[in-house]
Each structure stands twice: as structure tokens, then as C-alpha cells.
Amino acid sequence: MNGTTIEKSEVLVLFLATAVVELVIGKIYPAAPIIDLSLILTAYVGWYSSPVKGGLCGAAFGLIHDGMLGLPLGINGISKTIVGFSAHLLRLWLVPEGLLARTVLLTLLAAVDNAMVYGTLFLLGRPLRPGFGWDFILETGITGLAGSIIFKVYDRVKFPRKDFRRS
Amino acid sequence: MTEFAERRPLVALFTLLFLQIVLLSVQVRSDDGEVMIRSWATAAFAPVAMGLEAIADVVGGAGGWVADVWRVSSKNQALSEENQRLRYEIYRLREERRLETRLADFDRLSRSFEFKPLLASVIWNQAPFFEHRMLINAGVADGVRADAAVVAPRGIVGRIVHSIAGSSEVELITNLGAAAAAVAGPERVEGMVQGEGDGTLTMILVPNSQDVPVGAEVIATGRDRIYPKGFPIGEVILSQPGPMSQRRISIRPFVDFGRLEEVGVVISAPEAPRLD
């Protein structure tokens, strides 16, 4: 995966897919927002491209996520901008291979993202729903697990196995 | 632009964050419906505004203090001038009251005698170690003539020796050589009062046989056709037998010549006093 980049067209496709999934499916299934698809794809783009691209994607995906949740635009945008920016820097220090490592990494990123979101809501004087702590833990864990699965699936789609068998 | 952003990732990051913060701030409203960015802007600017206000207050206060000091100083000066003017006014009014009192004496004088003295102010009083003279502000234009008697409410002052249009020179009775016909005491001993040049008077032509007691009043007889008859001159302070059968009589004049301010000039011929 080192050295792999993401094309602009790919980012656009991911952006549209995120918009459709979060805005449409989020209306149908109220529990859908528990998986932070925006965070997962932001981390993916940031991981495989550059800090700036990761930040830009994070801003865009975060705004979509705000729209889905009905929050003021910018709350998730700010946090995911930082996550997308930081994802590429983490790649310079860490090379997580395997499902568990990626799960832990994505869980940490989700925790940072949720902490920033709840912190911003608190600073703005928005009331936090009772039991948000459990929500925090649940969202963080499920996002981390789902993210590692999505990472693996997308990698398999993007980089199909080469058959080195002699025909 | 992308290359610029790629070369400066932190600049791009902070730009993205700033834009989203602005986006957030224009949406979020406070409990009273105020847009948060306005509240944040107000909160951020409030200390600056308070600081500027404090500075303006200090500067304005200092300027106001200077203006107040200048205003108070001007007012103080005006009040000082007013105070001085009022003080002079008080002096003038006091002097007028004293003049009224003195003029009342002349009024009583004119009621006692059948002449009305022309009132004149003393404009110059010569030192009494040369010639006993004074100047008054009445002259020929006022009807003053030479040898007219000059009197004060307390007694004889002297006579006009020289007169011009608006002023006259008066020889005091105490001048050496000045004289007036007089009588002394209850016995009305006749004699001649003359000045000694030292502020005192002497009575001559009184024989030793005539007794004139000390403290006796000396008055004019009018025989010199100058001074009004019965007008006081002074009191006897010394009376003793003298040489050549003539009594030595010293008289202290009633009038304090050094403090005279107004005198009366007898324009018409003096008459005898009425008997009341």
C-alpha cells in the first residue's frame, strides 16, 4: 500500500457514495449514523493520498455527516478535517497490517473525532442527550470495526490479487 | 493552487478549519437568538473597546480637567476683579457716608449762622513746617474772593489769600502772621488771636489783670470783617501773667488741620448768630 495514491475521480466517487448512503439511508434507518462512514472514508483518503487531500475530504464528508445528523454545518467538518489531515501523518509513523491493528487505529481516530464533536456541541451550549457516554463508546467501537472491514474490502476491490500460478 | 496547498499543508489545514468555524458561527445562535459570531465578535472586541474607552476617558478627563482649570482660573480672575471693584465701591460708599456726616455738620452750621458756606474739598495740604497753607477746589468761578473766611464745622480754618478760576489758596489761622479778632471765656475778654507757625495760636492784647481761665472757649468777634461772629476758634491751654503787662495765653485750635477734607468758604458777609 505504500506509494499508492488516490485519484481525484476516485475521491469524487467516494464523496457521492457517502452522500447517498448517509443522506438517503440515514433517513430510512435511524440507526445508520452509528457507523461514521464519513470518518472511515476520510481516513482512507487521507491514509492513501496527502494531508491536504485528507483534510479536504474530511471537510466535505464532515459537512455531509452534519447534514445527515441535522447538526449545524461544520461540527463534523472540523473534526474530520483534522482526522483526514492526521491520517496521512500517522501513516508515516505506523504501518498497521491486519484487521486488529487497523481496527485499533480506526477506533482511536473515531474516538478523537467523537470527542471533538461532543466537545464542540458542549462549547456551543447544545444539550448532550443522556447516556451520551455509552453512545460515544458504541459509535467509536462500531466505527472502528466497520472501518477496518471496509478498508479490507475496498483494498481487495481496488487491488485485486494477482495470479502468479503458471497457467 | 493545489501545488501551493501541497507545499504548505498546515496553511491549507488552518484555512479549512477557519472557513468551517465561520460557517459554524453564522449558523449557531445563542439562547436569545443572537448569531454566535456576532456574540463572539462582541466578546472579542469588548475588551478592546473598553480599553479604548478607558484611554479616551483618561484623555478626555485630562482635557476636561485642563479646561476646567482654565475656566476656573478665568472665573477666579473675574471674581477677583469683581471683588476688587466691589471693595472700591464699599470704600466709596463708606466715604460718601462719612461725607454725608460731615456735610450734616455744615448743614447744622448753616442753620446756626445766617450764611450758607460754599463747600469745597481740600485738594492739597501743605506740610506745616513751612507756611501753613492749603488749596481748595473752589475759585473765582464759584464766587470765592480774597479774604473770604474758610471755616469747618468745628471752627475757623483760615482765609482765602489767592483765588483763580477753579481753585483757591487758603492761609490757615495757625500760619505765622495770621490773626483774628476774638473773645475768650465767660467774661468775653477781648484780644487778638494770631498764629505762631507751630500749629498753636496765642491771644495777644490781653492785660494781666484780665483773667482768662484755662479751658475757656475762644470765639471770633467778627470785628475783622473776615470771620463770622461767634464762630469757635479754639480753647485756652495756657493762661499766665506775662511781660509788659500782657497776659500770655496759648490756644489750641479746635480744627485738626492735618485731617481736613472739606471746608466751607463764606461767600456772603458774616452775620451774628441767631439766638435760639
Side-chain angles (χ1 to χ4, degrees), chain A residues 5-9 11-12 38 42 45-67 69-92 112-113 116-127, chain B residues 1-69 71:
Chain A
T5 59
I6 294 183
E7 299 296 328
K8 291 178 185 176
S9 56
V11 174
L12 187 60
S38 303
T42 298
V45 172
W47 187 266
Y48 287 116
S49 60
S50 67
V52 175
K53 280 185 183 174
L56 277 171
C57 286
F61 291 163
L63 292 174
I64 294 172
H65 200 67
D66 286 330
L69 295 176
L71 295 175
L73 299 178
I75 291 181
N76 278 279
I78 291 170
S79 62
K80 286 167 178 59
T81 300
I82 294 173
V83 166
F85 190 89
S86 307
H88 187 78
L89 297 178
L90 287 174
R91 186 193 171 194
L92 299 178
V112 169
D113 175 68
M116 283 194 289
V117 170
Y118 283 118
T120 306
L121 288 172
F122 178 76
L123 288 174
L124 293 176
R126 294 295 179 99
Chain B
M1 186 172 169
T2 309
E3 288 177 4
F4 173 82
E6 293 290 349
R7 279 200 298 271
R8 292 174 176 77
L10 286 177
V11 173
L13 173 67
F14 287 120
T15 303
L16 278 173
L17 291 176
F18 175 74
L19 290 173
Q20 291 184 86
I21 288 172
V22 171
L23 176 65
L24 192 63
S25 63
V26 298
Q27 299 170 78
V28 178
R29 289 180 179 270
S30 60
D31 293 338
D32 54 0
E34 191 76 25
V35 176
M36 288 292 274
I37 191 171
R38 181 168 291 183
S39 303
W40 294 344
T42 304
F45 185 67
V48 176
M50 282 194 284
L52 291 173
E53 182 71 19
I55 293 170
D57 278 346
V58 169
V59 173
W65 180 79
V66 170
D68 282 345
V69 168
R71 200 164 33 242

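So you know, we letter chains A, B, ... as the sequences are listed, proteins then strands, and number each from 1. In this text the structure is predicted, and so the values were computed from the model without any measurement.
- Take B/Phe14 and apply the side-chain contact (heavy atoms from CB on, under 4.5 Å) test, not counting sequence neighbours, and it matches B/Leu10, B/Leu17.
- Taking CD1 of A/Ile75 as the reference point, atom CD1 of B/Ile21 lies at 12.0 Å (rounded to 0.5 Å).
- Heavy atoms closer than 4.5 Å to chain B are found in the side chain of A/Leu63, but not in its backbone.
- Residues satisfying the side-chain contact (heavy atoms from CB on, under 4.5 Å) test with A/Ala59, not counting sequence neighbours, are A/Thr81, B/Leu16, B/Gln20.
- Across all non-hydrogen atoms, the minimal contact from A/Pro72 to B/Leu24 is CB-CD1, 3.6 Å.
- Of all heavy-atom pairs spanning B/Ala12 and A/Val52, the tightest one is CB-CG2, 4.1 Å.
- Counting heavy-atom pairs closer than 4.5 Å to chain B, the top-ranked of the candidates A/Gly84, A/Pro51, A/Gly54, A/Gly77 is A/Gly77.
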